[in-house]
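Reviewing the structure listed below.
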Amino acid sequence: MVTFGGIFCVVILAVMLPCLDVALGQSTDPSEVDALGAIKRSLLDPMNNLENWNRGDPCTSNWTGVFCHIINDALHVTELQLFKRNLSGTLAPEVSLLSQLKTLDFMWNNLTGSIPKEIGNITTLKLM
Ligand SMILES: *[C@@H]1O[C@H](CO)[C@@H](O)[C@H](O)[C@H]1NC(C)=O
Ligand SMILES: *[C@@H]1O[C@H](CO)[C@@H](O)[C@H](O)[C@H]1NC(C)=O
Ligand SMILES: *[C@@H]1O[C@H](CO)[C@@H](O)[C@H](O)[C@H]1NC(C)=O
Ligand SMILES: *[C@@H]1O[C@H](CO)[C@@H](O)[C@H](O)[C@H]1NC(C)=O
C-alpha cells in the first residue's frame with residue numbers, strides 16, 4: 001500500500017510539474033534578456049518610458065512594450081510594441097537575438113541609422 005501511495009504521488013507530481021514551472025517564476029531566455037539590455041542601451045529615452053526595463057524579468061515583470069509567450073517550455077519575447085514612446089538613438093543589432101519575435105513596432109519615434117541587417121535572420125518576424 002505504501003509503495004502504491006508513493007507511485008501515486010510521483011504520478012501526480014509528474015502531471016503537475018509543468019504548471020508549477022510556470023507559476024513559480026519561470027524566466028525569459030537569458031540571451032533575450034541580454035538583447036533587451038543592448039536595445040535599451042542604444043536608444044535615447046528622454047521621457048524614461050523604458051525605466052522599468054531593469055526591474056526583474058522582462059516577461060514576468062511587466063516591462064513596457066514587451067510581450068512574451070511560452071514556446072517549447074521557455075519564455076520568449078514575441079512582441080516589442082514601442083509605438084510613440086519619444087525614443088531616439090539606434091536599434092541595436094542584438095535585436096536579432098530575439099529568435100521568436102513576431103512583431104517589432106517602433107513607429108512614431110525618432111530612431112536614426114539603418115535597420116540592422118541581422119534582423120533578416122529572425123524567421124518568425126511578421127510585422128515590422
Ligand atoms: C504593467 O505596467 C503598465 C504601465 O507600464 C500598467 O499600466 C499596468 O497596470 C501594469 N500591469 C501589471 C499587471 O502590473
Ligand atoms: C512624448 O513627448 C511629448 C512632448 O514632450 C509629450 O507630450 C508626450 O507625453 C510624450 N509621450 C511619451 C509616451 O513619452
Ligand atoms: C542571428 O544572427 C546572430 C549573429 O549572427 C545570432 O547571434 C542570432 O542568434 C541569430 N538569430 C537567429 C534568430 O537565428
Ligand atoms: C522627432 O524629431 C523631430 C525633429 O527633431 C521633431 O519635430 C518630432 O517632434 C520628433 N518626434 C517624436 C515622436 O519625438
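Counting starts at 1 for both ligands and their atoms, following the listed order. Just so it is clear, the structure is predicted and the values come from calculations on it, not from any experiment.
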State whether any protein heavy atom lies less than 4.0 Å from [atom].
atom                    : result
atom 14 (O) of ligand 2 : yes
atom 9 (O) of ligand 2  : no
atom 4 (C) of ligand 2  : no

- Is there a nitrogen or oxygen of Lys84 sitting under 3.5 Å from a nitrogen or oxygen of ligand 2? no
- Query: Is there any N or O on Asn86 that sits under 3.5 Å from an N or O of ligand 2?
  - Reply: yes
Can you see which heavy atom on [X] is nearest to which on [Y], and at what distance?
X     : Y     : value
Ile70 : Gln26 : CD1-OE1, 3.7 Å
Val66 : Pro58 : CG1-O, 4.1 Å
Asn62 : Asn52 : O-ND2, 3.5 Å
Leu80 : Leu98 : CD1-CD1, 4.0 Å
Arg85 : Asp45 : O-OD1, 4.3 Å

- Message: If the cut-off is 4.0 Å to any non-hydrogen atom of Asn49, which atoms of ligand 2 fall inside it?
- Response: 12 (C), 13 (C), 14 (O)
